[in-house]
Enquirer: 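A single structure is presented below for examination.
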Amino acid sequence: MSKPSIPQGMRDFSPEEVRKRQYILGTLRTIFENYGFQPLETPTMENLVTLTGKYGEEGDRLIFKVLNNGLHEKKDADKEKLSAEWAKLLAKPYSSPVVTERALRYDLTIPFARYVVMHQNELTFPFRRYQMQPVWRADRPQKGRYREFWQCDADVVGSTSLINEAELLCIYQSAFYQLGLPQVAIKINSRKLLAGLAEICNAPELMMEITIALDKLDKIGWIGVVAELQQRGVADTGIAQIEKVINVKGDNLEKLTALKDIMKSSATGLEGIKELEQTLAYYDKLKLAEWTATIEVDISLARGLNYYTGVIVEVACRAVQMGSIGGGGRYDDLTGLFGLKGLSGVGVSFGIDRIYDVIKELNLFPPQLVAGTQVIIINFGGENELYALEVLKQLRAAGIAAEVYPDAVKFDKQMKYANKRNTVYVILPGTEEREQQKVSLKNYVTGEQKLMSINDCIDTIKGH
RNA sequence: GAGGUUGUAGCUCAGUUGGUUAGAGCAUCAGAUUGUGGUUCUGAGGGUCGAGGGUUCGAGACCCUUCAUCCUCCCCA
């Protein structure tokens, strides 16, 4: 037998880790429900054609494809075809329905779009849904990057109002506030502004090239961006325009005012600015004073997915060295990919695993999360064992998470077990206690122990 | 797709210029202690040194191949 292992980029989650993740998911769920979003789940696998072509060339490569089952049952006539398809498949990120027609979910947005199109007649628009499920990517794992990870999305489809954008900003704010994340920056931009930028560079066709280069500003600096822009075919006059734009300073309104002037020749660009202004105006009305994350207009923000068309956002936690912990934006025609035109959507995504890593690194999980069982009952065997079960029944009926040590082994061993389980209380129902129909309740934190009735015991534990 | 790191006990890791029977801490189990835990003491079990090949009288160590792992770039959450 070789040592057991798990596939690359996949992880086990210990009881403590699951509890901590559930704390994050629970916090988010409460917020989503509070904002009127409804839960949705979609299957682990989608048809491959549903996913391909939606995430760009790079994305297609990272989709986990699922082999068709029953390949061994193919008739001889099919086998030759099959091996030819295999050869192609192994050579390139190519796929064929003969070999694979399904794939693991790559994100939650495309399956959501598919769902909306399939159920368009049953849904009431605008439709607001949230979804929290794992997704899979055949990426090279590294820090903060896994092949299986959780996503948590909230989207609204069927409304072009920028109130939606503003509300999603509020959801971000509320979530990071409640989770206690410090130094969170929500960066906001508009694809239209980027398109406008390409226009004033006299190179509208190079919009994607410009945004990709610009997106690296944080990482490689302006000099690096210039090199990349030149390499991507942007003229020097264009680069001068871009430099003017990224040098715009001040608070959000000052930035937007300055940009209006630079963008005055681009209708698209001006529209993008107006969107941002309107979004921020709505947000101002909705925001709570206690929220701490900053909202920053950032022209260099691009975001990879190519279906975004309007406002885009990305969230970073500057307290730790980590990639973005969330992102999202407006996609005017997402469902158009599946044949339903004219339905606009906007959504945000939370990178649960990264948020987990950040909270862990900064030690911000509430300490009481670790406790599961509140009380462990010692098993003294014989008649005392039966009495222990009686006590156990009453504790559980009272809503207390309790367990009895299932074997009447050495007392010392049972006490050590309780200690490791980190419970607050231990109950000792021995002969003496049983005869009086009482229990000894020991508080493991203080070391105190008292003889009391079962009802008093329940009250004490609940009062804790 | 490109580059690098590390693989030795369940876990974290030592292991000298190649030299007899491969070590430690933690964890596990047993005992000191048959109704009082978290700190003590004693003892025990547990390893095909990632795998395959080569050099050598002799390889955990050196060489080649391969697999796995983690990290960086690309891209992304």
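Any value given below was found using the heavy atoms of this structure, including those in side chains, with hydrogens, waters and symmetry copies removed. Since we're looking at a predicted model, the values are computed, not measured. Residue numbering restarts at 1 for every chain, and letters A, B, ... go by the order of the sequence lines.
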Enquirer: If you restrict it to nitrogen or oxygen atoms, what contacts under 3.5 Å exist between nucleotides 6-13 of chain B and the protein, and what is each distance?
Expert:
residue : atom : partner : partner atom : Å
B:A9    : OP1  : A:Lys3  : NZ           : 3.2

Enquirer: Relative to the 5' end of RNA chain B, which residue comes earlier, A:Pro141 or A:Phe411, by the nucleotide with the nearest heavy atom?
Expert: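 In this pair, the answer is A:Phe411.
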Enquirer: Can A:Glu16 and A:Ser14 be counted as having a side-chain donor-acceptor contact under 3.5 angstrom?
Expert: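 Judged by distance alone, the side chains do not pair up.
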Enquirer: So what does A:Gly326 touch, heavy atoms closer than 4.0 Å: a base, only the sugar-phosphate, or nothing?
Expert: sugar-phosphate
Enquirer: Centroid-to-centroid, A:Phe350 to A:Phe176, below 6.0 Å?
Expert: yes
Enquirer: Going by side chain to side chain contact (heavy atoms under 4.5 Å, CB included), A:Met10 matches just one of A:Tyr146, A:Phe149, A:Trp136. Which one?
Expert: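 When side chain to side chain contact (heavy atoms under 4.5 Å, CB included) is applied between A:Met10 and each of A:Tyr146, A:Phe149, A:Trp136, only A:Trp136 qualifies.
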Enquirer: Students often get this wrong, so: under 4.0 angstrom with heavy atoms, is A:Ile355 touching a base, only sugar-phosphate, or nothing?
Expert: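 Counting heavy atoms under 4.0 Å across all strands, no contact is made by A:Ile355.
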Enquirer: Run through RNA chain B and report every stem of 3 or more consecutive Watson-Crick or G-U pairs, distances under 3.5 Å, ordered by first number.
Expert: B:1-4 with B:70-73, B:10-13 with B:23-26, B:28-32 with B:40-44, B:50-54 with B:62-66
Enquirer: Provide the distance between the two C1' atoms, one in B:G50 and one in B:A68, to the nearest whole Å.
Expert: 7 Å
Enquirer: If we take the C1' atom in both B:C62 and B:U17, what is their distance in whole Å?
Expert: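 Comparing C1' positions in B:C62 and B:U17 gives a spacing of 12 Å.
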Enquirer: Taking the side chain of A:Gln449 as heavy atoms from C-beta outward, which of B:C70, B:U36, B:G35 is closest to it?
Expert: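 Nearest to the side-chain atoms of A:Gln449, counting from C-beta on, is B:U36.
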Enquirer: Should the pair A:Glu167-A:Arg128 be classified as a salt bridge under the 4.0 Å nitrogen-to-oxygen rule?
Expert: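 Between A:Arg128 and A:Glu167 there is a salt bridge, with a charged N closer than 4.0 Å to a carboxylate O.
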Enquirer: What's A:Tyr146 touching, base or sugar-phosphate or nothing? Going by heavy atoms closer than 4.0 Å.
Expert: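 Result for A:Tyr146 = base.
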Enquirer: At under 4.0 Å, does any side-chain N or O of A:Gln151 touch on OP1 or OP2 of B:A77?
Expert: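 For B:A77, neither OP1 nor OP2 has a side-chain N or O of A:Gln151 closer than 4.0 Å.
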Enquirer: Is it true that A:Glu403 and A:Arg421 make a salt bridge, defined as a side-chain N closer than 4.0 Å to a carboxylate O?
Expert: yes
Enquirer: What is the distance, rounded to the nearest whole Å, between atom CZ of A:Arg147 and atom P of B:U69?
Expert: 8 Å
Enquirer: With nearest nucleotides of RNA chain B determined for A:Phe350 and A:Ser440 from heavy-atom distances, which residue corresponds to the more 5′ nucleotide?
Expert: A:Ser440
Enquirer: Polar atom pairs between nucleotides 37-44 of chain B and protein, under 3.5 Å, N or O only, would you list them?
Expert:
residue : atom : partner  : partner atom : Å
B:G37   : N1   : A:Tyr444 : O            : 2.9
B:G37   : N2   : A:Asn419 : OD1          : 3.0
B:G37   : N2   : A:Tyr444 : O            : 3.1
B:G37   : N3   : A:Asn419 : OD1          : 3.1
B:G38   : O4'  : A:Asn419 : ND2          : 2.8

Enquirer: Decide whether A:Asn189 and A:Tyr308 meet the rule of one side-chain donor and one side-chain acceptor closer than 3.5 Å.
Expert: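 No - no donor-acceptor pair under 3.5 Å links their side chains.
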Enquirer: Taking only the C1' atom of each, what is the distance from B:U5 to B:A24 in whole angstrom?
Expert: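 Between the two C1' atoms, the distance is 25 Å.
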Enquirer: Any base atoms under 4.0 Å from A:Thr431, or only sugar-phosphate, or nothing? Heavy atoms, all strands.
Expert: base
Enquirer: Figure out the CG/P separation between A:Leu28 and B:A77, and round it to whole Å.
Expert: 17 Å
Enquirer: Find the distance between CG (A:Leu217) and CD (A:Glu228) and round it off to the nearest 0.5 Å.
Expert: 11.5 Å
Enquirer: For the base of B:C75, is there a side-chain donor-acceptor partner from A:Arg145 under 3.5 Å away?
Expert: yes
Enquirer: Examine distances only and state if a side-chain atom of A:Asn379 and a backbone atom of A:Tyr405 form a donor-acceptor pair shorter than 3.5 Å.
Expert: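 Confirmed, A:Asn379 side chain pairs with A:Tyr405 backbone.
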Enquirer: In whole angstroms, how far is the P atom of B:A77 from the NZ atom of A:Lys143?
Expert: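 A:Lys143 atom NZ is separated from B:A77 atom P by 19 Å.
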Enquirer: Classify the side chain of A:Gln414 versus the base of B:U36 as yes if they form a donor-acceptor pair under 3.5 Å and no if they do not.
Expert: no
Enquirer: Near A:Tyr177 OH, under 6.0 Å, is it more than 12 heavy atoms from other residues, nucleotides or ligands?
Expert: no
Enquirer: Using whole Å, report how far CZ of A:Arg137 lies from P of B:C74.
Expert: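 In whole Å, B:C74 P lies 17 Å from A:Arg137 CZ.
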Enquirer: When you check the phosphate oxygens OP1 and OP2 of B:G31, does a side-chain N or O of A:Lys410 lie under 4.0 Å from one of them?
Expert: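 True: A:Lys410 side-chain N/O within range (under 4.0 Å) of B:G31 OP1/OP2.
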Enquirer: If I take atom CD in residue A:Glu228 and atom C1' in nucleotide B:C75, what distance separates them, rounded to the nearest angstrom?
Expert: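 That distance rounds to 12 Å.
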Enquirer: May I ask you to decide if the ring planes of A:Trp291 and A:Tyr283 are parallel, tilted or perpendicular, using 30° and 60° as cut-offs?
Expert: parallel
Enquirer: Looking at OG1 of A:Thr294 and CD1 of A:Ile188, how far apart are the two atoms once the value is rounded to the nearest 0.5 Å?
Expert: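 Here the rounded value is 12.0 Å.
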Enquirer: So, do A:Phe149 and B:A77 meet the stacking rule of ring centres under 5.5 Å and planes under 30°?
Expert: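 Yes, A:Phe149 stacks on the base of B:A77, since the ring centres sit under 5.5 Å apart and the planes are within 30°.
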Enquirer: In whole Å, I'd like the distance from the CZ atom of A:Arg140 to the C1' atom of B:U5.
Expert: 14 Å
Enquirer: Which nucleotide in the set B:G31, B:U72, B:G35 lies at the smallest distance from any side-chain heavy atom of A:Gln142?
Expert: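 Side chain of A:Gln142 sits closest to B:U72.
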Enquirer: Should A:Lys450 and A:Asp456 count as an ion pair when the cut-off is N to O under 4.0 Å?
Expert: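 Not counted as a salt bridge, because no side-chain N and carboxylate O are separated by less than 4.0 Å.
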Enquirer: Taking the six-membered ring where the residue is Trp, are the ring centres of A:Phe338 and A:Tyr115 under 6.0 Å apart?
Expert: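 Distance test on ring centres: not under 6.0 Å, no.
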Enquirer: Over all strands shown, is A:Glu433 touching base, sugar-phosphate only, or nothing at heavy-atom distances under 4.0 angstrom?
Expert: base
Enquirer: Could you state the atom-to-atom distance from CZ of A:Arg21 to C1' of B:A77 in whole Å?
Expert: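 Distance check: A:Arg21 CZ to B:A77 C1' gives 15 Å.
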